[in-house]
Amino acid sequence: MQRAPIEERLREAGLPEPAPDLRGPVLAAARSHARSGVTWADRVWFSRRWRLAAVALFLALAVLDRVPTVSGVPGDQRPGTAAAETARAAQEAARQAGLPPDQADALARRVLIAASRPAPRSEPSIDELIEEHR
Amino acid sequence: MPVTRTAASFVISPAVHAQRDDRRDRELLGRLAAGDGGALADIYDRHASALFRHALALAHDRSDAEDLVQSAFVKLATIGAPLLGVRRPASYLHRILRAAWIDVARHRSAAPEQPCDGDAAHPMSADVGDAIDLRHALAKLPELQREVVVLHLFGGFSFREIGDVTDVSTFTAGSRYRLAIERLRLLLGER
């Protein structure tokens, strides 16, 4: 005799069913302990569908937040905070040195203008320096 | 006609498997979590038989099995919102039942394995002839093996699902089943 017949015979022999009168007491006992109410936070935390929706929303917001940064001016061409800090420091130093406020402001503006200019590609040659001093 | 030993002998019973409807069960669990008591009755009607058979495989007494089923449903009713996250309701219900059985065994602090031969004491002894032999043989199995046989043959669970229910690997569940069938064959004098 092989394995399959035993399995088939076991299925045919079957197992006892619960007594019909078990249903009432079981449900009564369970209902007396039942918890009710699902909050919105519960749905988000426990429901896969809600979690996926929350993740999708988060990703959508993240993408929308990044789009202006990606499509806008590259970071290295935007006014840098370092230049602004330097300008403020220069302005403050000029004031402490006793310069009038309008001259301190002018100095700060020159620092900002200098910072916004592209950096020289290379050191000027000697000919260029001589030409500059003529 | 002799039947060869093939993987087909491990296939879930189509008739039992067809009764599983996870989507419907998840919907019922969601309703139960929201406080719909009617969902509890529907869950009982859909799963009580399978849970009772599982309980019989673990307990050795019909009244103990009924107590286990009741404990499982009471526990189910108290869970609340986490029911919303259940992906495999049938396995989940059987895990609850098994946890209830473990609690009972701990409280009794007794050896859970008590093989029983007598018709009067064991619930699997009502029929005659071959069925009596089979049920007696099944009753003589170690409970972990008997549990796998009952879940697989009568509950329609795959070995992966049984592993999930019993906290063992798929391989271990299948191994227990194979050992159980071998032992049944020995007990029935078929080898």
Side-chain angles (χ1 to χ4, degrees), chain A residues 1-70, chain B residues 2-6 8-9 13 16 30 32-37 40-41 44-45 48-49 51-53 55-57 62 65-66 69-70 73-87 123-124 126-127 130-132 134-135 138 149-150 153-154 178 181-182 184-185 188 190-191:
Chain A
M1 191 71 74
Q2 300 294 321
R3 175 176 294 156
I6 287 182
E7 293 168 323
E8 290 304 316
R9 286 160 55 201
L10 275 170
R11 283 199 187 104
E12 288 170 6
L15 290 177
E17 291 289 317
D21 57 356
L22 180 65
R23 188 177 189 273
V26 167
L27 292 180
R31 281 175 181 150
S32 68
H33 291 81
R35 288 176 61 181
S36 63
V38 175
T39 65
W40 187 86
D42 289 334
R43 289 197 182 279
V44 172
W45 186 255
F46 291 110
S47 168
R48 186 165 178 249
R49 188 183 302 169
W50 281 79
R51 277 203 302 266
L52 288 174
V55 169
L57 178 65
F58 176 79
L59 289 175
L61 289 175
V63 168
L64 288 174
D65 188 47
R66 284 180 64 92
V67 167
T69 303
V70 172
Chain B
V3 179
T4 55
R5 182 187 300 182
T6 64
S9 63
S13 167
V16 176
L32 176 60
D36 182 353
L40 202 57
Y44 182 92
D45 292 338
S49 291
L51 289 169
F52 180 72
R53 288 193 290 264
L56 271 181
R62 188 179 181 100
E66 291 177 347
V69 171
Q70 177 163 322
F73 273 90
V74 168
K75 175 65 179 171
L76 179 69
T78 60
I79 290 173
L83 293 175
L84 295 171
V86 173
R87 303 308 305 157
M124 302 176 193
D127 290 345
D130 191 41
I132 287 180
L134 283 164
R135 288 178 180 180
L138 190 60
V149 171
V150 169
L153 290 183
F154 298 98
R178 182 180 57 78
I181 295 298
E182 294 296 330
L184 281 175
R185 290 169 64 194
L188 293 169
E190 295 182 356
R191 185 164 128 181

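Every chain is numbered from 1, with letters handed out A, B, ... down the list of sequences. As a basis for the values below, the full set of heavy atoms in this structure was taken, side chains included, without hydrogen atoms, waters or symmetry mates.
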**OP:** Hey, could you give me the CG/CG distance between Leu27(A) and Asp45(B), rounded to the nearest 0.5 Å?
**Re:** 7.5 Å

Original post:
Could you give the distance from CZ (Arg31(A)) to CG (Leu32(B)), rounded to the nearest 0.5 Å?
Top reply: 10.0 Å

Original post:
What is the minimum heavy-atom distance between Ala77(B) and Ala30(A), and which atoms define it?
Top reply: CB-O, 3.1 Å

Original post:
Is chain A contacted by the side chain of Leu76(B), its backbone, both, or neither, given a heavy-atom distance below 4.5 Å?
Top reply: neither

Subject >> Nearest heavy atoms of Ala19(A) and Arg62(B), plus distance in Å >> reply: N-NH2, 3.4 Å

Original post:
Going through the distances and angles, do Glu66(B) and Val26(A) end up as a side chain to side chain contact (heavy atoms under 4.5 Å, CB included)?
Top reply: CA-CA 9 Å; Glu66(B) 291 177 347; Val26(A) 167; over 6 Å; no

**OP:** Can you see which heavy atom on Leu10(A) is nearest to which on Phe154(B), and at what distance?
**Re:** O-CZ, 3.2 Å

Subject >> Spatial distance of atom CG (Leu15(A)) from atom CZ (Phe52(B)) [nearest 0.5 Å] >> reply: 9.5 Å

Original post:
Roughly how far, to the nearest 0.5 Å, is CG of Leu134(B) from CD of Glu7(A)?
Top reply: 11.5 Å

Subject >> Residue among Gly30(B), Ser49(B), Gly80(B) with most heavy-atom pairs under 4.5 Å to chain A >> reply: Ser49(B)

**OP:** Tell me, for Ile79(B) versus chain A, whether the close heavy atoms (under 4.5 Å) come from the side chain, the backbone, both or neither.
**Re:** backbone

Subject >> Contacting moiety of Phe73(B), where chain A heavy atoms sit under 4.5 Å >> reply: both

Original post:
Distance from Ile6(A) atom CD1 to Leu138(B) atom CG, nearest 0.5 Å?
Top reply: 11.0 Å

Original post:
So which of Arg23(A), Glu12(A), His33(A) has the largest heavy-atom pair count under 4.5 angstrom toward chain B?
Top reply: Arg23(A)

Original post:
Given that the side chain runs from C-beta out, which part of Val149(B) has a heavy atom under 4.5 Å from chain A: side chain, backbone, both or neither?
Top reply: side chain

Subject >> Minimum heavy-atom distance Arg53(B)-Pro16(A), with the two atoms named >> reply: CG-O, 3.8 Å

Subject >> Heavy-atom pair count under 4.5 Å with chain A, highest-scoring of Ala81(B), Ala48(B), Gly85(B), Gly35(B) >> reply: Ala81(B)

Subject >> Whether Arg135(B) side chain and Ala13(A) backbone form a donor-acceptor pair below 3.5 Å >> reply: yes

Original post:
So do the side chains of Val69(B) and Pro18(A) get within less than 4.5 Å of each other, counting heavy atoms only?
Top reply: no

